[in-house]
2 protein chains.
Amino acid sequence: MSTSTPAAPRKRLPLNREKVLGCALQLADESGIAALTIRSLAQSMGTKPMSLYYYVANKDEILDGIVDLVFGEIELPSPAGDWREEMHRRAHGMRSALKRHPWAVGLLESRSSPGAATLRHHDATLGTLRAAGLSVQLTAHAYALLDSYIYGFALQEAALPFDGRDTAAEITIPIVERFSTGEYPHMVEIAREHVLKPGYDFGDEFEFGLNLILDGLSRSIPTTGPDPERQQHSS
Amino acid sequence: MSTSTPAAPRKRLPLNREKVLGCALQLADESGIAALTIRSLAQSMGTKPMSLYYYVANKDEILDGIVDLVFGEIELPSPAGDWREEMHRRAHGMRSALKRHPWAVGLLESRSSPGAATLRHHDATLGTLRAAGLSVQLTAHAYALLDSYIYGFALQEAALPFDGRDTAAEITIPIVERFSTGEYPHMVEIAREHVLKPGYDFGDEFEFGLNLILDGLSRSIPTTGPDPERQQHSS
DNA sequence: CTCTCTTTAGTACAGCGTACGAATAGGTGG
DNA sequence: CCACCTATTCGTACGCTGTACTAAAGAGAG
């Protein structure tokens with residue numbers, strides 16, 4: 001038996017910064033961000049806690065690093081493509097990255113030094129909007145709006161106690177019964193007539209809001225009128 | 001001297017659950033959520049750590065409690081009023097509450113048992129949308145969209161290293177100079193021609209996106225056409 | 001073999017949440 | 001007044017955290 005410890009070492013020597021961050025991301029995905037400790041990370045890598053400090057200055061640097069890895073997973077939008085398609089693709093790419101790594105959303109609030117992948121992502125997005133002819137000001141507006149929506153949606157998804165299609169029932173039914181027609185009638189109504197319908201998946205709500213926002217943005221671009229063919233995407 | 005400890009006890013006996021949560025919120029506001037420890041909270045209340053556990057089961061319950069206090073600060077929308085005005089007011093109320101208590105945004109991701117004030121807030125919001133004639137489905141869409149935007153905006157605001165009008169310069173200028181016309185040209189452009197303009201405040205971006213979303217929603221309501229007088233609020 | 005630089009690791013410390021049980025306070029009946 | 005009971009407060013201790021400091025091991029060169 002080469003592995004006597006319960007958590008089998010995942011990678012072997014030699015260590016380096018990339019492996020440390022990669023294992024940290026993997027550990028956060030598997031066991032949650034709270035379980036990502038220096039000691040558990042070292043054990044999962046088959047090394048000792050203090051050895052990691054040769055590659056990272058402190059734990060905060062690890063957290064910065066894995067957030068940047070998440071951004072690195074998102075395909076960059078291209079300034080050559082149609083801005084609306086590019087923004088649509090980017091939004092979905094970002095949401096799915098944050099869905100794969102839900103802990104990243106909570107980390108965003110406390111991170112203040114963005115990594116290279118994060119900066120590249122932001123720059124490519126801004127570049128795509130500018131290339132589409134949006135003014136500097138409108139680009140800033142659009143960017144704040146889109147990112148707010150995406151982050152916020154991911155935050156709500158991460159906070160939901162259920163995840164995926166038709167998984168809401170077992171959590172929702174007892175709650176609905178507890179409050180049935182009592183203090184929170186509208187929540188109960190939404191639960192009964194929307195959330196508990198077969199096939200419900202909160203993730204489906206993303207597309208509605210995204211299209212509504214993209215519709216609104218395309219209407220805000222002075223030269224381009226609202227494309228009648230594309231209009232009312234949402235509904 | 002009645003106060004010999006460096007951090008003066010804020011409240012006196014007798015203790016109770018409300019005071020514990022109130023002091024916890026105050027401490028989180030003053031010193032950040034990381035500084036809110038059982039020990040520091042006890043000291044700020046002039047008592048000892050273990051005494052708090054008579055009123056709360058564990059620290060998580062404190063965190064749940066102060067998040068609910070934040071929701072309790074938001075004025076409830078009224079189903080009697082104009083839905084658009086009510087949603088506008090609610091959005092601003094929620095954003096300013098989350099701006100007063102930035103740590104609350106990061107907490108949302110990990111909280112799974114909403115308090116009474118939170119439920120009341122959600123129910124009143126849903127009720128206002130339903131009263132305006134939105135279908136159950138459209139209400140769910142609208143709610144997910146609005147909350148995503150508000151949460152996401154608050155998250156970005158909390159993550160920004162500067163806060164308030166004309167405070168961006170001292171942080172932004174050194175960064176811009178470091179990357180001037182280099183790797184991230186579009187970020188530099190936005191910084192120079194938007195962020196560094198006098199009077200800039202990221203918070204101002206909120207209104208643009210909010211109006212764009214409300215415009216889009218009002219267009220999505222079957223009976224109500226897009227109110228031409230109100231249209232293009234954004235820009 | 002020795003000197004030097006890179007890399008790994010052991011020990012220790014302060015601070016965290018909190019389990020457990022003891023001490024104290026406050027009110028009531030005798 | 002005392003005894004008793006319950007409500008409330010708190011002391012101690014345990015296992016966990018991040019990490020400062022120091023030592024040791026490994027690798028390559030002369």
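Predicted model only: the values in this text are computed from it and were never measured. Values below: all heavy atoms of this structure, side chains included; hydrogens, waters and symmetry mates excluded.
- No side-chain donor from either of B/E86 and B/S78 sits under 3.5 Å from a side-chain acceptor of the other.
- B/F179 pairs by the ring pair (Phe, Tyr, Trp, His ring centres under 6.0 Å) definition with B/Y184, not counting sequence neighbours.
- In this structure, the nucleotide among D/dT8, C/dG17, D/dT19 sitting nearest to the side chain of B/Y53 is C/dG17.
- When distances run from any side-chain atom of B/I38 to the nucleotides C/dT18, D/dT19, C/dG10, the shortest one goes to C/dT18.
- For the pair A/M45 CE and C/dT7 P, the interatomic distance rounds to 14 Å; values are reported in whole Å.
- Residue B/S51 is classed as a base contact, given a heavy-atom separation below 4.0 Å to a base.
- The distance between atom NZ of A/K59 and atom P of C/dG15, rounded to the nearest whole Å, is 19 Å.
- Residues forming a ring pair (Phe, Tyr, Trp, His ring centres under 6.0 Å) with A/F206 (at least two apart in sequence, or on another chain): A/H92, A/Y149, A/F153.
- Regarding contacts with the backbone of C/dT8, every side-chain N or O of A/Y54 stays at 4.0 angstrom or more from both OP1 and OP2.
- Going from atom CG of A/L63 over to atom P of D/dT19 covers 10 Å, rounded to whole Å.
- Computed from coordinates, the B/L36 CG to C/dC16 P distance equals 11 Å when rounded to whole Å.
- B/S40 and B/T37 form a side-chain donor-acceptor contact under 3.5 Å, judged by distance and modelled atom types alone.
- The closest side-chain donor-acceptor pair between A/E207 and B/H141, if any, does not fall under 3.5 angstrom.
- Proximity of B/T37 to the phosphate of C/dG15: no side-chain N or O atom is located under 4.0 Å from OP1 or OP2.
- Taking atom OH of residue B/Y55 and atom P of nucleotide C/dT18, one finds them 18 Å apart after rounding to whole Å.
- The separation between A/N58 atom CG and D/dA20 atom P is 8 Å, rounded to whole Å.
- For C/dT8, the OP1/OP2 oxygens have no side-chain nitrogen or oxygen of A/K48 closer than 4.0 Å.
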Salt bridge (charged side-chain N to carboxylate O under 4.0 Å, His left out), that's the test. Do A/R192 and A/E177 meet it? Break it down for me.
CA-CA 10 Å; A/R192 274 211 255 258; A/E177 279 171 1; over 6 Å; no

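- Side chain B/R39 to base C/dG15: no donor-acceptor pair is found below 3.5 Å.
- Here D/dT9 presents its C1' atom at 15 Å from NZ of B/K19, a figure rounded to the nearest Å.
- Enclosure of atom CZ in A/R178 is not indicated, since only 12 or fewer non-hydrogen atoms of other residues, nucleotides or ligands lie within 6.0 angstrom.
- Among the nucleotides C/dT8, C/dT18, D/dG18, the one closest to any side-chain atom of A/L15 is C/dT8.
- Closest to the side chain of B/M50, out of D/dT17, D/dT9, C/dA19, is C/dA19.
- The CG atom of B/L52 sits 12 Å away from the C1' atom of C/dT18 (whole-angstrom rounding).
- Note that the two end axes of the helix from C/dC1-D/dG30 to C/dG30-D/dC1 enclose an angle of 30°, each drawn from 5 base pairs, rounded to 10 degrees.
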